[in-house]
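Here's the structure, in structure tokens; my notes come after.
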Protein chains: 2
Amino acid sequence: MAELPPVVARMWDREPTTRRGPRPRLDLATITTAAIEIADAEGLAAVSMSNVAAQVGVAPMALYRYVGSKDELLTVMADSAVPPPPERGNLPWRPYLATWTRLTRDVLLSRPWLLELRPSTPPMGPRRLLWLDRALDALSDTGLDDGQRFHAATVLTGYALTDATLTHSLGAGGTELAARAKGATEYGEILTEVLDPATYPALSAMMRAGLLRDSTGWTEDADFQFGLNLLLDGIEALISRPAR
Amino acid sequence: MAELPPVVARMWDREPTTRRGPRPRLDLATITTAAIEIADAEGLAAVSMSNVAAQVGVAPMALYRYVGSKDELLTVMADSAVPPPPERGNLPWRPYLATWTRLTRDVLLSRPWLLELRPSTPPMGPRRLLWLDRALDALSDTGLDDGQRFHAATVLTGYALTDATLTHSLGAGGTELAARAKGATEYGEILTEVLDPATYPALSAMMRAGLLRDSTGWTEDADFQFGLNLLLDGIEALISRPAR
DNA sequence: CCCTACTCTGTACGTCATACGCAATTATTA
DNA sequence: TAATAATTGCGTATGACGTACAGAGTAGGG
């Protein structure tokens, strides 16, 4: 039986019920909520141990009774910031996974600081695992085996993340650099200006043809739909293929 | 015409050729190479302005004549660390994009610190754009329009990134937290222990069935292949669909 | 009632990014 | 050739940050 890392234990409320010493004035959820509020309001850079401690009315070092390090706090935040997954209802796998993936992307866009958080650990928190569970459940009628379903979900998550990253960086940038190059139009202009058609034939041709430049009728939503259908087509092709 | 951000200009050697003042003792490439060496050897955390400056034999503040901030340096690193894309030869689009995606993943796994790097900007460096160009080029015979090809490439990149992240975090972890939970086996054990079958029916069933636990015959490569074929199937379905 | 485990706090340390100003150096202009 | 202007490299300084450590107070177990 594997020993649980301390933070994981606290994420799942696996603390021993009775303990000595003064009763804790905080719990992990309070700290996490405060940290998330700061991140929502002022960005991830403002999430310092001092700021979080001030937000919950405690000295900075007190937080270390609940979290082993700032990194652990960020890990917990990355899980708690995720809302519950959508209800399945009696939707077939394909439309359910479509909204599932879209909502995953929307969460990332509504909390852009989640994009700056690179998970150094596979998901182990209750919220993200709940999302995973629902995706696997949606695929349970399809005849795919465990590994296939697991990876289908992984692929969809990855797509949501990629699309959110791209959309966000083309939209309202956060960094100074991104602020300078904000907007798909300006990005296209920069590329057009910098690319040598000899070494970048396909890309520069595409740019000169006006991709990303004339935004007439362009909706990022259509782009998302496109890639999503691509993935779902792939899954469908896999399902309707004879089992091996 | 869009003004180029200063670092972008330097990445593309768009500096005026003659300038006053002392001749620069460095250039951006030297600094970047040094920074990459440090990241390769000691990890991204060891890439501080002081360390990089020491590596090239200069005072820390001297670097700011070449880079506007540490963030910019990281951006440039993220581009320079990427090798040239594979040659197309006369491969059809599908096998070419298969190795293209696999190599993308391999690059990320051979330089894990690239995974920790948040791309806050769409790719604007010469190396990454070259990769993009080759993928677009491979799709040029397929009858897909510009937007479709662009997004197909995006999807493949995203998949490589997702898979590399997962593989890396299940393999040799970097963080303390990941070190504790290293290995797919132990990850599976943790999940099995922590999941309540009532709220996580699909996932806990899958775990009890032994996914991720008995690694007999399990190769991460097969997993990668699986997801990749899924995507390529999706693209293929799109190609053979009548144009709209 | 004392001991023991546990919580919170204040202080302190080392590191980091980077703002500012100065001296040295070179191309341009007079 | 001499003066000017631009630009580089460097030293110093600052404020913020993560966190190690030690002590004081608190509550349950014996």
Side-chain angles (χ1 to χ4, degrees), chain A residues 6-7 9-10 15-31 34-35 38-39 42-77 113 116-117 120 174-177, chain B residues 6-7 9-10 14-31 34-35 38-39 42-77 113 116-118 120 174-177:
Chain A
V7 183
R10 251 184 294 245
E15 296 283 271
T17 52
T18 64
R19 341 196 313 159
R20 292 196 193 172
R23 234 158 267 127
R25 292 167 42 188
L26 306 170
D27 54 4
L28 186 56
T30 309
I31 297 176
I38 296 176
E42 306 168 59
L44 194 61
V47 178
S48 66
M49 295 306 261
S50 327
N51 280 348
V52 176
Q55 179 94 0
V56 297
V58 164
M61 287 308 291
L63 300 182
Y64 286 91
R65 295 284 146 191
Y66 302 86
V67 215
S69 68
K70 187 189 178 182
D71 247 36
E72 285 188 358
L73 174 59
L74 294 178
T75 302
V76 181
M77 286 173 65
W113 50 270
E116 300 174 46
L117 233 41
S120 62
T175 329
E176 294 183 22
L177 191 65
Chain B
V7 182
R10 250 185 291 246
R14 289 300 195 80
E15 296 283 89
T17 51
T18 64
R19 341 196 313 160
R20 290 196 193 168
R23 232 156 270 126
R25 292 168 40 190
L26 304 171
D27 54 5
L28 186 56
T30 309
I31 296 175
I38 295 176
E42 305 168 59
L44 194 62
V47 179
S48 67
M49 297 305 263
S50 328
N51 280 348
V52 176
Q55 180 92 2
V56 296
V58 187
M61 287 309 291
L63 300 183
Y64 286 91
R65 298 281 161 194
Y66 301 87
V67 190
S69 67
K70 187 189 176 179
D71 247 36
E72 285 189 358
L73 174 60
L74 294 178
T75 303
V76 181
M77 287 174 64
W113 50 269
E116 300 173 47
L117 234 43
R118 49 173 183 107
S120 63
T175 330
E176 295 182 22
L177 192 65

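Order of the sequence lines fixes the chain letters, A, B, ..., with proteins taken first and strands second; residue numbering starts at 1 for each chain. Since the structure is predicted, the reported quantities are computational estimates derived from the model, not experimental observations.
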Side chain to side chain contact (heavy atoms under 4.5 Å, CB included) against B:A62, all qualifying residues, sequence neighbours excluded | B:V58
Could you check how far CD of B:E72 sits from P of C:dA17, rounded to whole Å?
-> 14 Å
Say you draw a straight line from CD1 of A:I31 to CG of A:L63; how long is it, rounded to the nearest 0.5 Å?
-> 5.0 Å
Write out a two-atom table: protein N or O, nucleotide N or O from nucleotides 12-14 of chain C, distance below 3.5 Å.
none

Let me have a per-nucleotide readout for nucleotides 13-21 of chain D, 5' to 3', with B, S or -, counting only protein heavy atoms under 4.0 Å.
-> ----SSBBB
Pairs meeting criterion side-chain hydrogen bond (donor to acceptor under 3.5 Å, both in side chains) with involvement of residues 52-65 of chain A, two or more places apart | A:E37-A:Q55
In chain order, what residues pass the side chain to side chain contact (heavy atoms under 4.5 Å, CB included) check against A:A46, with sequence neighbours excluded?
-> A:I38, A:E42, A:N51
Interatomic distance, A:T30 atom OG1 to A:D27 atom CG [nearest 0.5 angstrom] = 3.5 Å
Starting at OH of B:Y66 and ending at C1' of C:dA17, how long is that distance when rounded to a whole Å?
-> 19 Å
Not counting sequence neighbours, which residues clear side-chain hydrogen bond (donor to acceptor under 3.5 Å, both in side chains) with B:S50? List them please.
-> none
Would you call A:V47 and A:M77 a side-chain contact if the rule is heavy atoms closer than 4.5 Å?
-> yes
Does A:R25 put a side-chain nitrogen or oxygen below 4.0 Å from OP1 or OP2 of C:dT9?
-> yes
Check whether any side-chain heavy atom of A:M49 lies under 4.5 Å from a side-chain heavy atom of A:V52, and answer yes or no.
-> no
The nucleotide from C:dT26, C:dC8, D:dA27 with an atom nearest the side chain of A:R23 is D:dA27
Atom-to-atom span, CZ of B:R65 to C1' of C:dT18 - whole angstrom = 12 Å
Quick one: label B:L26 by what it contacts on the DNA or RNA (base, sugar-phosphate, nothing), any heavy atom closer than 4.0 Å.
-> sugar-phosphate
Per B:A62 side chain, nearest of listed nucleotides D:dT8, C:dT7, D:dG9 | D:dG9
Ignoring backbone atoms, establish whether A:R20 has a side-chain N or O less than 4.0 Å from OP1 or OP2 of C:dT7.
-> no
Atom CG of B:L63 and atom P of D:dT8: how far apart are they, to the nearest Å?
-> 13 Å
Would you name the heavy atoms of B:A53 and B:P60 that are closest together and state the gap between them?
-> CB-CA, 3.4 Å
